[in-house]
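Computed from heavy atoms alone, side chains included, the values below leave out hydrogens, waters and symmetry copies.
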Amino acid sequence: VGDAFGLTTADSDDMDGFLLRINSKTGEMEPKADGSASRRVGTAGHDYIIGQCSPVEEISLMNGDKFSTQHADLASVWYVVGATSSSMLDPSKEYVQGDGDTLYYRGYVQKINLETLKPEWTVEFAPIAGTTGGLVTATTCIVDPATQAVYVGGVATTRIESLLSPTTI
């Protein structure tokens with residue numbers, strides 16, 4: 001039912017995030033034409049999905065109640081945020097501090113296509129080049145449906161820079 005299930009390597013302690021497509025009426029996995037209903041969000045390091053957001057628009061009803069609905073032209077998109085001890089831009093790397101034992105983390109946001117569950121683009125937030133160690137984690141996001149801007153929040157123990165993927169990974 002997709003690549004989200006099973007170890008990446010036998011006896012591996014690698015942690016990966018995952019995305020699943022589940023039928024809201026039956027609770028069953030809902031595969032697409034290619035047979036997949038899931039995707040592993042993984043690199044050579046530990047990878048965590050910590051938050052998510054999708055474009056919504058608040059509607060005010062005449063009686064004063066409010067509810068949110070997906071913005072029609074953005075309904076095929078989902079954003080996930082998190083942290084990795086590797087790089088979503090170069091999944092083969094793993095980043096360790098000077099002692100060679102302590103991992104440090106980079107935050108990221110990925111724009112996910114709901115049809116394929118694959119990223120359309122990735123932005124990574126990393127300690128500024130030359131910085132030793134550090135923790136950068138993206139924890140939340142919100143999408144402004146009027147401007148389509150994605151706002152990302154998180155925590156950092158050091159100064160950070162933003163790295164944009166040139167292509168889909």
Side-chain angles (χ1 to χ4, degrees), residues 1-6 8 14-91 105-127 135-156 160-169:
V1 225
D3 67 355
F5 298 94
T8 54
D14 183 23
M15 297 283 291
D16 289 333
F18 62 89
L19 305 174
L20 303 175
R21 184 181 302 105
I22 298 174
N23 183 303
S24 64
K25 293 180 180 152
T26 66
E28 295 175 349
M29 298 289 281
E30 188 172 272
K32 290 297 181 184
D34 67 357
S36 69
S38 69
R39 183 176 76 83
R40 182 182 292 271
V41 178
T43 65
H46 298 299
D47 311 295
Y48 302 94
I49 296 173
I50 297 171
Q52 62 83 34
C53 60
S54 58
V56 294
E57 185 171 21
E58 190 171 81
I59 306 293
S60 294
L61 301 177
M62 291 180 71
N63 67 2
D65 289 344
K66 292 183 179 183
F67 70 96
S68 293
T69 183
Q70 281 214 311
H71 200 271
D73 60 340
L74 301 174
S76 64
V77 175
W78 182 28
Y79 297 88
V80 294
V81 296
T84 178
S85 65
S86 180
S87 170
M88 292 293 170
L89 305 177
D90 184 356
Y105 287 84
R106 295 167 161 236
Y108 69 88
V109 56
Q110 285 188 331
K111 180 180 181 180
I112 304 296
N113 179 299
L114 287 178
E115 184 67 25
T116 64
L117 294 181
K118 292 181 180 175
E120 293 184 9
W121 53 252
T122 300
V123 176
E124 198 166 271
F125 312 101
L135 168 70
V136 182
T137 304
T139 58
T140 190
C141 60
I142 189 169
V143 181
D144 179 346
T147 65
Q148 299 184 18
V150 180
Y151 296 87
V152 178
V155 294
I160 64 174
E161 61 186 343
S162 175
L163 308 168
L164 176 63
S165 67
T167 59
T168 301
I169 49 173

State, to 0.1 Å, how close L89 and E124 come at their nearest heavy-atom pair, and which atoms those are.
-> N-OE1, 3.5 Å
Point-to-point distance, once rounded to the nearest 0.5 Å, from OG1 of T140 to CD of Q52 | 8.5 Å
Considering non-hydrogen atoms only, spot the tightest contact between E115 and R21 and give its length.
-> O-NH2, 2.8 Å
Nearest heavy-atom pair of A138 and I50: which atoms, and what distance?
-> O-CB, 3.9 Å
Is the backbone N or O of S86 less than 3.5 Å from a side-chain atom of T84, with the two atoms forming a donor-acceptor pair by type?
-> yes
When rounded to the nearest 0.5 Å, the distance separating CZ of F18 from CD1 of I49 is 7.5 Å
Taking side chain as C-beta onward, heavy atoms only, is I22 less than 4.5 Å from E28?
-> no
Measure the spacing between CD of Q110 and CH2 of W121 and express it to the nearest 0.5 Å.
-> 9.0 Å
Taking all non-hydrogen atoms of both residues into account, name the closest pair between N23 and E30 and its distance.
-> ND2-OE1, 3.0 Å
What heavy-atom pair brings Y105 and S85 nearest, and what distance separates the two atoms?
-> CD2-N, 3.4 Å
What are the two closest heavy atoms between V143 and V150, and how far apart are they?
-> CG2-CG2, 4.2 Å
Supply the atom-to-atom distance Y79 OH to S54 OG, rounded to the nearest 0.5 angstrom.
-> 9.5 Å
Between the side chains of E120 and N113, does any donor sit under 3.5 Å from an acceptor?
-> yes
Do other residues, nucleotides or ligands put more than 12 heavy atoms under 6.0 Å from I160 CD1?
-> yes
Separation between OH of Y48 and OH of Y108, rounded to the nearest 0.5 Å = 11.0 Å
